[in-house]
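Worksheet: the structure to be examined is printed underneath.
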Amino acid sequence: MAKEYNPKEIEGKWQKEWEKSLIYRALDSSKKPKYYALIEFPYPSGDGLHVGHPRPYIGIDIIARKKRMEGFNVLYPIGWDAFGLPTENYAIKTGKDPRIVTKENSDTFRRQIQSLGISFDWSREINTTDPKYYKWTQWLFLKFLEKGLAYKAKMAINWCPKDKIGLANEEVVDGACERCGTPVEQKEKEQWMLAITKYADRLLDDLDTVDYPERVKTQQRNWIGKSEGALIKFDDIEIFTTRPDTIFGATFIVISGKEDRFTGRYVTNPATKEKIPVWEAEYVMSDYGTGAIMAVPAHDERDMEFAKKFSLPIVENYTPAGFEDYGKKVIKYKLRDWVFSRQRYWGEPIPIVHCDKCGVVPVPEKDLPVLLPEVKNYQPTDTGESPLAAIEEWANTTCPKCGGKAKRETDTMPNWAGSSWYFLRYCDHENDKEFASMDNLKYWMPVDWYNGGMEHTVLHLLYSRFWNKFLYDLKLVPTSEPYKKRTSHGLILAEGGEKMSKSKGNVVNPDAIVERFGADTLRLYEMFMGPFEQAIAWNEESLVGPRRFLERVWKLKDKIYQGKALEDTDYQGLALVHQTIKKVSLDIESMGFNTAVSTLMIFTNTLDKQEKVSQKEFETLLILLAPFAPHITEELWEILGHKDSIHLQKWPVYDPQKIEKDEITLAIQIDGKVRASLTVSRGQSEDEIKTAVLAMSEVKKWLGGKEPKRVIVVPRKIISIVT
RNA sequence: GGGCGGGUGGUGAAAUGGUAGACACGCCAGUUUUAGGAACUGGUGCCGCAAGGCAUGGAGGUUCAAGUCCUCUCCCGCCCACCA
């Protein structure tokens, strides 16, 4: 009785074996060329992993595994982006220490991810909430401060008057507090800011040097929002416009305001010399341009609407002006500086001390990290300050400069901080002298392929590019851009097509799938279910397809013989082998995982139809399948008698000469409709084919004795007859 | 309003301008001396007994040939959004 396919047994066995043999370890120096593959590190939420999480991990795993087999020294790391609101809110609710919650959650995530056989280098695991990590996040902040790119400014924050806490933008839903529904107010507060706008131009221009999807570049460009316009003075009111040439049509001025009303003032239009009224309106943004515009109703729809509503003059035919006749050329951006303070507990403490005598004093490097102290209450204070402000023994300190009494900064950093540089830390994760050594960074950077969600293509990507560029200017990192290539994956939705969420109760846990079908089946299904970039609904029924496929592969081992291979027997077989290698190789590179899997299925089905299967071809199949289904292929590789891992084998190369079949069936179209087919061989000339086609009885029938007007022979494709 | 995707069988989907529906799910019939399916074999776009005809949201166009290119139009999804 042949041994049955038992995924549970072989998957556990090989996962342990790989951990021992260290075959997925990245080496910091190697004769091989390097390859840095990256996924966005997850936030270890209390809900555990759902089947959507691994989709990008599997996709990039396939690429990482193929690169290894192609002779690259591959870095494919993972860690935890563990600071953040859900954990903090959970702590507020339960009083449980977020450190413990984070530990539990990341332990669960790790166990779940490890059960999928993804070739992460677990020895480089990082955690943004680990003091050994956030020491360097703090250090990097001090660099920004040192170079004048971190500064304090009064900013309006979202404030819930009922809960008396500051809210992150994400917690404001339709202008109201997410948890109590009270309308959110704006409250002025001193905030730390990072001057990302200083890098606006380079963040924009350097998009031309990277391989991102065009829509991601467009989103980044729109977010930066560079526009060229002019500042024009209407007496003492300065306005910004991108169309200074329309100034002769400007019939009133609008300044930003809470309600639509006439201010009672008039100013002079410098072009027409006419007195025009100054209005206030909601539709003008206070934080863009100068917060004031010249209204040209004939040219701008919103101006027109406003003019009609309040019966303001409209001039339809006006003389165009020159660009700089009445003002000076200026470049404006939509991009704002980054508000870097949070009045929250679960984040990196900002390493600053406030001294009455010395002012803002950075915590000296030797005193880093500034540890997040333990507290009893995680709730922000009544005044909207971080809970850290309530811990006097922590907040009261001495000034590092003068030794006098001083207070610590009690704001923490936003969630984005740790993720803005984590890809650098992976290159040298244990370094306690530097955030990462230049030697290691020079070896590994830039990231060769970075895959993540569409929801991060604006902020996270922009922020991390900004940090990297800043560090590049300080000569602390070797490349101006951190990521050479960026791709995105689609979400996996619940069976009904809705987003998976705990509250809807439609979350599918991968543990259950691994238990029932095995990790290899789950991996294969997630790759096969549809195009990688596209959102797609989970379908439990369809999992049996990939499982049956693996069963078929498993059974092939009982038909092995050491004889003539399929590709030795005829051109058809030869072509199939080489076509399969080509298609699978190219599909992996272009993330066409679904069609790569179907190609492997076709190859397997063909082998399965043979009485006997040559070991040579079976091994080709296993090697091509190995990145997708690492456990079953490793087991079969061992059964075939190999002592080394299949994952260390050479990726096969196809021979372009051997891809073409010697015989091909051409379709014959008559007036655009397929009426017959003809099998021709490699060497046949067009004329020979033409003669053969016209002699066919089927063709004669459709021609009905008429002479064809044209006969078009498209080599290796089709024959088209026009009557 | 802007930007980007999409619309192909019962379902997920394939298809350098060249035989639309590969591959898979489901379904149908049969096989495996009972049952079961995470087993096997065959069938399966629609209409038609057949010959054949019709089919890629809709309407036109270019072409020997269009899911694919062009024009118009309808619908769906996502992201951004009074950014002058």
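Sequence lines set the chain letters: A, B, ... in the order given, protein chains first and strands last, and positions in each chain run from 1. Every heavy atom of this structure was used, including side-chain atoms; hydrogens, water molecules and symmetry mates were not.
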Return the nucleotide paired to [N]: Watson-Crick means purine N1 to pyrimidine N3 with N6-O4 or O6-N4, wobble means G-U with N1-O2 and O6-N3, both under 3.5 Å.
N       : result
rA81(B) : none
rA55(B) : none
rA13(B) : none
rA65(B) : none

field: Side-chain-base donor-acceptor pair under 3.5 Å for Ser720(A) and rC64(B)
entry: yes
Describe the nucleic acid contact of [X] in one word from base, sugar-phosphate, nothing, applying a heavy-atom distance below 4.0 Å.
X         : answer
Glu214(A) : nothing
Ser542(A) : sugar-phosphate
Arg552(A) : sugar-phosphate
Met601(A) : sugar-phosphate

For [N] and [X] - does any side-chain N or O of the residue sit under 4.0 Å from the phosphate oxygens OP1/OP2?
X         : N       : result
Tyr283(A) : rA84(B) : no
Asn594(A) : rA14(B) : yes
Lys673(A) : rG18(B) : no
Ser227(A) : rA84(B) : yes
Arg215(A) : rC79(B) : no
Gln534(A) : rA13(B) : yes
Asn605(A) : rA22(B) : no
Arg243(A) : rA84(B) : no
Lys609(A) : rC40(B) : no

task: Please answer whether the main-chain N or O of Pro313(A) pairs with a side-chain N or O of Thr251(A) as donor and acceptor at a distance below 3.5 Å.
output: yes
- request: Give a yes or no on whether the backbone of Pro320(A) and the side-chain of Asp245(A) come within a donor-acceptor separation of less than 3.5 Å.
  value: no
field: Tyr525(A) OH - rG12(B) C1' separation (whole Å)
entry: 7 Å
query: How far does the C1' atom of rC69(B) sit from the matching atom of rC78(B), given to the nearest Å?
result: 27 Å
rC72(B) versus rA24(B) - spacing of their P atoms, nearest Å: 41 Å
- prompt: Are Lys559(A) and Asp608(A) ion-paired here, with the side-chain N under 4.0 Å from a carboxylate O?
  reply: yes
- prompt: Is Arg486(A) close enough and on-axis enough to Tyr450(A), meaning under 6.0 Å and within 45°, for cation-pi?
  reply: yes
Nearest-nucleotide pick for Arg302(A), side chain only, options being rC83(B), rA15(B), rG26(B): rC83(B)
query: Choosing from rA13(B), rA24(B), rA38(B), which nucleotide comes nearest the side chain of Pro531(A)?
result: rA13(B)
- prompt: Between Asp608(A) and Asp287(A), who's closer to the 5' end of RNA chain B by nearest nucleotide?
  reply: Asp608(A)
statement: Nearest-nucleotide check on RNA chain B, Thr665(A) vs Val284(A); residue mapping nearer the 5' end is Thr665(A)
task: Evaluate the criterion side chain to side chain donor-acceptor pair (under 3.5 Å) for residue pair His578(A) and Asp655(A); output intermediate values, then yes/no.
output: CA-CA 6 Å; His578(A) 288 268; Asp655(A) 182 345; 5.7 Å; no
